[in-house]
Amino acid sequence: MTGGTFEVLLFGPAREAAGGDRVSVEVDGPATAGGVVAALERAHPALAPLLPRARVAVNRCYVEAGTPVESGDEIAIIPPVGGG
Amino acid sequence: MTGGTFEVLLFGPAREAAGGDRVSVEVDGPATAGGVVAALERAHPALAPLLPRARVAVNRCYVEAGTPVESGDEIAIIPPVGGG
Amino acid sequence: MRLRVEITEAPLRPEAWIEEVADPSAGAVATFVGVTRNSFRGKGVRYLEYEAYRPMAERALERIGMEIAARWPPVTGVAIAHRVGRVEVGEASVVVAISAPHRAEALAACEFGIGLLKRELPIWKREVLEGGAVWRENEATPGRGGEPP
Amino acid sequence: MRLRVEITEAPLRPEAWIEEVADPSAGAVATFVGVTRNSFRGKGVRYLEYEAYRPMAERALERIGMEIAARWPPVTGVAIAHRVGRVEVGEASVVVAISAPHRAEALAACEFGIGLLKRELPIWKREVLEGGAVWRENEATPGRGGEPP
């Protein structure tokens, strides 16, 4: 439950900012959704401006920052949506 | 503006009750929408039970009981409607 | 604002009325379709027969459109059609389609339009049941004798 | 209750989704269609490009359907389709169709469904304007980070 490498899916403006539809990130602290976001912010500065307003989805559900993540989870950054 | 013979259009349950889609009625008192209804009630007892809940239209607009009617006006009894 | 209304014997195709309100500045189209149900309070319905005071009904539909335009000026299109004659279970008896730049006014105007139609439109419904037939009237109008509000 | 959802590249035909919710006990079908407008705050729009997190978006649409069923138990059918890829001006990007015995619940559920979809569906919209392109996000969600309500 602590640390590890996670792959994160990116969409829309996050995909565009990062120049790709997924990134890997090394999490040192607690392996939570918030920990992944904090690690992304450090490792991928291009994403940093988008992250404060983005939500996180784990296994295709929105989660809170404190939700634990495990290796094998499908983690995605969900910038403000525009459907409809 | 007083008295006269008026033709009145009937629809739906009023048409069925009267056995026809129009009736003639002689109005003795003031020639108003309400006067037409009162005369109908006396002259066509089959319509009487329906009239208290019906509206009157003159020239294709709903009117109040006090609205004057003239020879040549298109007068209709509008029982409670069921459109939709 | 586009406005088209119709009282017709022909089957109603909702898509035709949705197309009728299309407008390049409209981002939203709200539609209400009334359909003949197979039962009323537990009794089997075979079909409906609608009868209209046709010239007044056409005028009433136009007034509903104008009332919508007055209440929601952004609305770009109103199309309302009501069928008369025999309507089978599963067939549409009424279509109200409203287009507007945004969804809030399209949805509100659509709800208002069908509500006003049910109170004001001079059309009568004969419900033909498994054993007999009845004139089925809409739920009581709050006592108003005059013009559409 | 019938529930069908779809994320698709193909043009949306509203009538197909209206038919999808048909039910012999449904007297009302409320439909919302979102259409690409030709302008946004005065700027000319050439077309839109929608991008989806597809498996999550499909699941989100199913959840919206289940939430509607929980809030309006009489609802007989929910069909929601969202288009992805390039959508031209005048084409539909989303269709929400709801059937129910009576109009009140069909209209309320339709309005609720499109509102929830706009907040929760993981889809992004690229607006291609006369001079450039922008990611256009929906109006701010009242701060909720968690599950759909």
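Residue numbers start from 1 in every chain, and the chains themselves are labelled A, B, ... in the order their sequence lines are given, proteins ahead of strands.
D:Y50 touches chain A through its side chain: at least one heavy atom from C-beta onward sits under 4.5 Å away, while N, CA, C and O do not. Proximity to chain A (any heavy atom under 4.5 Å) is shown, for D:A60, by neither the backbone nor the side chain. Using a 4.5 Å cut-off between heavy atoms, D:R136 touches chain A through its backbone atoms (N, CA, C, O) alone. When heavy atoms are compared at a cutoff of 4.5 Å, A:D21 does not approach chain D at all.
With respect to the salt-bridge test (charged N to carboxylate O, under 4.0 angstrom), the residues A:E74 and A:R60 qualify. We find that D:R63 and D:E120 are not joined by a salt bridge, their nearest charged nitrogen and carboxylate oxygen being 4.0 Å or further apart. Between D:E9 and D:R54 there is a salt bridge, with a side-chain nitrogen of the basic residue lying less than 4.0 Å from a carboxylate oxygen of the acidic one.
The interface of residues 82-96 of chain D with chain A, defined by heavy-atom distances below 4.5 Å, comprises D:H82, D:S93, D:V94.
Partners of D:W17 under the ring pair (Phe, Tyr, Trp, His ring centres under 6.0 Å) rule, at least two apart in sequence or in another chain, do not exist in this structure.
Contact check for A:C61 versus D:R59: side-chain heavy atoms found under the 4.5 Å cut-off. Contact of the A:F11 side chain with the D:M56 side chain is not registered, since no non-hydrogen atoms from C-beta on lie closer than 4.5 Å. Between A:V56 and A:V36, every side-chain heavy-atom pair lies at or beyond the 4.5 Å cut-off.
A donor-acceptor contact under 3.5 angstrom links the side chains of A:T5 and A:E26, judged on distance only.
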